[in-house]
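Remember, it's a predicted structure, so these values are computed and weren't measured experimentally. Values below: every heavy atom of this structure, side chains too, minus hydrogens, waters and symmetry copies.
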Amino acid sequence: MEYEVPKQCISVSALLTNESGEVLLLRTHWRSDTWEMPGGNVELGEPLDQAICREFLEETGIVIKPMGITGVYMNTTKQVLSVCFRAQYISGDIKIQEDEVLEARYIKIDESNIGKYITRPQQRSRFLDAMNAKYFVPFEAWEANPNYKLLHRLEGDMEP
């Protein structure tokens with residue numbers, strides 16, 4: 001039997017809160033029935049932490065710093081591996097890409113009203129895991145050719 005290279009997609013998303021404890025969520029054209037954390041697909045060869053910074057900026061106009069991974073999820077139907085981060089605000093104001101995003105804003109969400117905003121169960125579990133994370137998983141990006149070189153590392157420490 002011949003080995004076949006997997007045809008999977010990797011996506012990233014991040015939870016960002018403001019000083020009032022509200023979270024930045026958005027609605028997209030293709031999933032307008034639910035609010036979700038900003039994010040998108042990782043480009044070939046792109047480190048996950050750089051991908052979430054790029055996607056977050058593209059979708060919201062806000063520069064973030066990833067603090068650590070809060071969860072990893074798999075959609076076996078569409079072959080999508082999703083990695084969720086917790087992020088820290090660096091700079092910028094909300095400015096959406098209207099061809100992708102319908103609306104983006106900070107919303108006060110907790111377990112009592114989450115169903116009003118985040119209607120899809122897989123998005124809800126990712127959000128709650130990110131919101132309730134007490135520890136972050138470490139992440140490293142490596143370059144393997146010609147020698148192994150650590151490009152950068154997120155420590156994955158306790159949530160501040």
Side-chain angles (χ1 to χ4, degrees), residues 9-73 75 80-120 122-143 150-160:
C9 177
I10 302 172
S11 72
V12 289
S13 60
L15 180 83
L16 177 69
T17 57
N18 64 13
E19 61 281 347
S20 301
E22 300 166 314
V23 294
L24 182 57
L25 296 175
L26 53 81
R27 289 186 315 121
T28 64
H29 289 283
W30 54 90
R31 288 187 297 272
S32 61
D33 63 312
T34 190
W35 290 84
E36 59 191 61
M37 295 180 285
N41 291 334
V42 178
E43 295 176 0
L44 188 62
E46 184 179 32
L48 299 177
D49 55 338
Q50 290 178 9
I52 188 53
C53 291
R54 177 186 53 76
E55 282 288 345
F56 213 96
L57 180 62
E58 286 176 4
E59 290 188 343
T60 68
I62 293 180
V63 177
I64 61 166
K65 175 185 174 188
M67 303 306 293
I69 294 172
T70 60
V72 179
Y73 309 88
N75 177 330
V80 177
L81 180 73
S82 298
V83 180
C84 296
F85 288 85
R86 190 74 135 321
Q88 178 181 22
Y89 173 86
I90 299 297
S91 65
D93 295 314
I94 296 174
K95 183 180 179 192
I96 63 170
Q97 265 190 4
E98 293 180 3
D99 60 328
E100 249 185 86
V101 178
L102 285 171
E103 185 178 5
R105 65 181 163 117
Y106 285 98
I107 301 172
K108 186 71 169 178
I109 292 187
D110 57 33
E111 291 189 33
S112 70
N113 70 350
I114 191 171
K116 177 181 174 185
Y117 297 101
I118 304 175
T119 59
R120 295 189 180 199
Q122 81 280 18
Q123 296 292 336
R124 195 175 309 134
S125 66
R126 294 172 194 179
F127 174 84
L128 288 171
D129 288 347
M131 192 72 160
N132 296 324
K134 300 293 181 216
Y135 294 92
F136 299 140
V137 176
F139 170 76
E140 293 180 341
W142 288 83
E143 186 177 88
L150 178 64
L151 299 175
H152 51 271
R153 175 180 167 88
L154 294 178
E155 287 300 321
D157 213 344
M158 286 184 61
E159 193 268 323

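In this structure a side-chain-to-backbone donor-acceptor pair under 3.5 Å is missing from Ser13 to Gly39. Not a single donor-acceptor pair under 3.5 Å links the side chain of Arg124 to the backbone N or O of Ile114. Asn113 contributes no side-chain N or O that, together with a main-chain N or O of Ile109, makes up a donor-acceptor pair within less than 3.5 Å. For the pair Glu155 (side chain) and Pro138 (backbone), a donor-acceptor distance under 3.5 Å is absent. Listed for the Asn41 side chain is no donor-acceptor partner under 3.5 Å among the backbone atoms of Val12.
The aromatic rings of Phe139 and Phe85 lie perpendicular to each other, with more than 60° between the two planes, well past the 30° mark.
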Next on the checklist: Show, in sequence, the C-alpha distance, side-chain angles and deciding distance for Glu140 and Arg153, and conclude whether the salt bridge (charged side-chain N to carboxylate O under 4.0 Å, His left out) test is met.
Outcome noted: CA-CA 4 Å; Glu140 293 180 341; Arg153 175 180 167 88; 2.7 Å; yes
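Looking at Leu15, Thr17, Leu16 one by one, the single match for side chain to side chain contact (heavy atoms under 4.5 Å, CB included) with Leu24 turns out to be Leu16.
For residues 40-55, the pairs satisfying salt bridge (Lys or Arg N to Asp or Glu O under 4.0 Å) are Glu43-Arg54, Glu46-Arg54, Arg54-Glu58, with sequence neighbours left out.
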For residues 87-96, which side-chain donor-acceptor pairs fall under 3.5 Å, sequence neighbours excluded?
| unit_1 | atom_1 | unit_2 | atom_2 | d |
| --- | --- | --- | --- | --- |
| Tyr89 | OH | Gly92 | N | 3.1 |
| Tyr89 | OH | Gly92 | O | 2.7 |

Ignoring hydrogens and angles, write down the donor-acceptor pairs under 3.5 Å from the side chains of residues 60-71, residues two or more places apart or on other chains.
| unit_1 | atom_1 | unit_2 | atom_2 | d |
| --- | --- | --- | --- | --- |
| Thr60 | OG1 | Phe56 | O | 2.6 |
| Thr60 | OG1 | Ile62 | N | 3.2 |
| Thr70 | OG1 | Cys84 | O | 3.3 |

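By the 4.0 Å N-to-carboxylate-O rule, Glu103 lies close enough to Arg27 to be salt-bridged with it.
Within the 4.5 Å cutoff, side-chain heavy atoms of Glu111 are placed close to those of Leu128. Inter-residue side-chain proximity for Thr34 and Thr28 is flagged as unmet; no heavy-atom pair is nearer than 4.5 Å.
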